[in-house]
Amino acid sequence: MSNMMELRQKVLEKNFSRMNQRQQEAVFHVNGPLLILAGAGSGKTTVLINRIANLIRFGNAYHSQNTASLTEEDCAAMEAYINGSAPLEPGTKARLAVNPCQPWQVLAITFTNKAAGELKDRLEAMLGEEGRDIWASTFHSTCARILRRYGDRLGFTNHFTIYDTDDSRRLMKECQKALNIEDKSLSYKTILNEISHAKDRMISPDDYANAAGADFRLGLVAKAYKLYQSRLSEADAMDFDDLLCNAVQLFLKCPDVLEYYQNRFRYIMVDEYQDTNHVQYLFVKLLAEKYKNICVVGDDDQSIYKFRGATIENIMSFEKSFPGAKLVRLEQNYRSTKNILAAANAVIENNLERKGKTLWTENPEGEKIALHTAFSEADEADYISKKILDGVAAGKKYADYAILYRMNSQSNTLEKVFVKSGVPYRIIGGLRFYERKEIKDLIAYLSVINNPSDEIRLRRIINQPKRSIGDKTISQAAEIAASIGESLFYVISHADEFEPLKRTAPKLLAFAGLINQLISLSSTARLNELYQAILMKTQYIEKLKESENDDAQDRIDNINELASNLIQYEENNGEDTTLEGFLEEVSLMTDIDNYDGNTDAVVMMTMHSAKGLEFPCVFLPGFEEGIFPGVQAIYTPGEVEEERRLAYVAITRAREELTILNAESRMIFGSTNHNKASRFSAEIPEELVNKSRAREWKKPIPGTVLPVSSHESRSASVNAARHFGPAGISQPHKPTDSYRVGDSVRHKAFGAGMILSATPMGNDTLLEIAFDGVGTKKIMANFARLTKE
DNA sequence: CCCTGGCCGCTTTTT
DNA sequence: GCGGCCAGGG
């Protein structure tokens, strides 16, 4: 019989032969807790997917002694398969399994929606239909889904609203007002931070008040916390942290619910475990308590979210929290060259607080790492843009390049230079699509239609576009609402019944009527029809046009983009499409989720956003003391270690080429600084690097300086490139020879004008245009979005 | 009630 | 350098 067992093991090994030994260890360990310490680029997603596939296809076949299901014929079939003389026949394959699990018994939690989506796609590709039934989602959406079902146990309806940071901010400001807390003495930021930490530790407002004792400031925070929570529940809303701690709360309060999910999720997997915080740990711990089939994947060296509560502790003490846990280290890197890896190892070695591991690779040595010192941030951007253009001329694609920086604001200089030199780019993060005013407004309309008691969002749109309903009226109405225990929307709908509102009653009633109309429409109309009705009835676009805002057209583009998102959502969900579903997806969505990498453009994002991604060529600008590591981190060893981990993440994003840059002078927050090169670049051994520096101060050549003022450039071309979706990509290769001197053209921001000169530059043409009433501007043709008159 | 202009302060990272 | 907030004028 042991023969049979060995044979089966060999078959499985062959079936998963694309995994290395360590990876197989992780794949075959299915029962009991498992910690996978997976270095950057060690194929952890592949392991995760194969492990799930193994769970579903073969269960515990590898370690099981039970071979009862196998026949003598299977034995022969297995031998044939191992010899390579025959493929594995489905019947035999099915009989290999020992206690396989159902797809819906698997829960895979990731950090971003993008990672979840990728996991789903790859699982579907591997397992077909079955792959669809696996729950692969983020902590937040997993919790949201559970709360949609059982939130009533905590006093929420099943269509509660999810507040994003902006909503939370607005709400806290109102709480401050109500409690007479001056923002100067105790800022909303501080309070929200405190609350977030409290929630992470599952400390309720009352607990918090008790702990605050006689401390005046903490007492105020406690009051604000209490008010904030009661306002949230009045509005039937949860903030991001609530999603997690309410889910945990639910499990603690309702053992039947917990048990239901414990039974349902027999196998739990958590990706990026080093980035989990305390509540997330509790959530996972509770779910896994019954069967203890928990597998976490993480890398202590890549823990970069301490600032928002992630504790390295979770990964450090996993073996204590889950006794008997098996530990597997994945140290073979499949991504980067030897040089890049050596650099990364050398940097991270300077951290004291780590589990310790050293990545190695069979990849070639590769190029040395380029360390370039520029004069200024503009010079730095110039250097990058030239390198990219050189690379593209030599056959690379723009999309092979990524620029990863510490702060979003660093993208500005790069944008300007790229616009000028015709490098197509895409920025991830920064001002995100769903954070734009116009988008938030329209989402607020949809939210209020979905849930009229959502006061924060109601307030947002009540005078947007302008309806002559001022702050005073609103707070009066809110007061009445509070005194009679009705919602703000109720009071507005019955404005004529309240004496103090008499004067503005017609306006309020008109608004309430508008919303009520839309609500009734929402029960029958399709999502996009509803959206178009909102636009029509509010005259949103018309009012926007009237405002003659510089960026009105950009905003209208965004509004239309949202329409296509709605249609997309309808197409993806078919019969199951609901307004609520859309709103939920939107509230948990970020830009990075939308990065598909299919369009040929250089990608720019923060190092944080880049976690989990990889690129053939990576630029890391701003390696300077005071920038990276940042000023706030420099004097705290623990903080420096966190920054160093970020450096490690950044370096290991690169597959083939890595360029690290610093500038001798840099304009930051309005003033010029002279920063020393970062300690992190100094930690890379000399023999791995190729140093260079800008040789002499060159006068800005014509065209180097942006020909339009920063304000104008933002509204015109730059914002265009920041757009969501493929439409937002700047396209450099349109034919530009169609512009001739003397042509009349129209520019979005500058209006009508005439071309004075056209000078070909690279792929593009530099146009000098005399605009009526604005003066003469120099603009690159590809980015000007000119229309001929 | 709405708009503007000036002043202030902040300025990391994200679900 | 920017955006948020407030005060003052239309």
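All chains are named by letter (A, B, ...) in the order of the sequence lines, taking the proteins before the strands, and each is independently numbered beginning at 1. Values in this document were obtained by computation on a predicted structure and should not be read as measured data.
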Need one value for [X]: base, sugar-phosphate or nothing, where a base atom within 4.0 Å counts as base even if backbone is also close, heavy atoms only.
X: Met607(A); value: nothing
X: Lys437(A); value: nothing
X: Phe139(A); value: nothing
X: Ile469(A); value: sugar-phosphate
X: Gly630(A); value: nothing
X: Asn463(A); value: sugar-phosphate
X: Ser409(A); value: nothing

Residue-phosphate contact under 4.0 Å: [X] side-chain N/O, [N] OP1/OP2:
X: Asn412(A); N: dG1(C); result: no
X: Thr165(A); N: dT15(B); result: no
X: Lys611(A); N: dT13(B); result: no
X: Lys189(A); N: dG9(B); result: no

- Query: Start at the 5' end of DNA chain B and walk down; is the nucleotide closest to Asp471(A) or to Ser587(A) reached first?
  - Reply: Asp471(A)
- Note on the structure: Of Lys507(A) and Ser141(A), the one whose nearest nucleotide on DNA chain B sits closer to the 5' end is Lys507(A)
Nucleotide of [options] approaching [X] most closely (side-chain heavy atoms):
X: Met667(A); options: dT14(B), dT15(B), dG1(C); answer: dG1(C)
X: His140(A); options: dG1(C), dT13(B), dT15(B); answer: dT15(B)
X: Thr606(A); options: dC3(B), dT13(B), dT15(B); answer: dT13(B)
X: Ser468(A); options: dC2(B), dT15(B), dT12(B); answer: dC2(B)
X: Lys173(A); options: dG4(C), dT15(B), dT11(B); answer: dG4(C)

Nearest whole Å is fine: how far is [N] [atom2] from [X] [atom1]?
X: Asn193(A); N: dT13(B); atom1: CG; atom2: P; answer: 14 Å
X: Asp164(A); N: dT14(B); atom1: CG; atom2: C1'; answer: 12 Å
X: Asn673(A); N: dT11(B); atom1: CG; atom2: P; answer: 16 Å
X: Met238(A); N: dT15(B); atom1: CE; atom2: C1'; answer: 15 Å
X: Arg169(A); N: dG4(C); atom1: CZ; atom2: P; answer: 7 Å
X: His608(A); N: dT14(B); atom1: NE2; atom2: C1'; answer: 9 Å

- Given the rule in the side chain to side chain donor-acceptor pair (under 3.5 Å) test, do Thr190(A) and Ser187(A) qualify, once you have shown the distances and angles that lead to the verdict? CA-CA 5 Å; Thr190(A) 312; Ser187(A) 70; 2.6 Å; yes
- Query: Can a donor-acceptor pair under 3.5 Å be found between the side-chain atoms of Arg308(A) and the base atoms of dT15(B)?
  - Reply: no
- Task: Could you grab the distance from atom CD1 of Ile195(A) to atom CD of Gln229(A), nearest 0.5 Å is fine?
- Result: 6.5 Å
- Output yes if the stacking criterion (under 5.5 Å between centres, under 30° between planes) is met for Phe307(A) over the base of dT12(B), else no. no
- Message: Could you tell me if Ser678(A) and Ser681(A) have a donor-acceptor pair between their side chains, going purely by distance under 3.5 Å?
- Response: no
- Near-ring test Phe307(A)/Tyr305(A), centroid separation under 6.0 angstrom: yes
- Aromatic ring centroids of Phe619(A) and Tyr405(A) under 6.0 Å? no
- Task: Could you tell me how the ring of Phe283(A) sits relative to the ring of Phe139(A): parallel (under 30°), tilted (30 to 60°) or perpendicular (over 60°)?
- Result: perpendicular
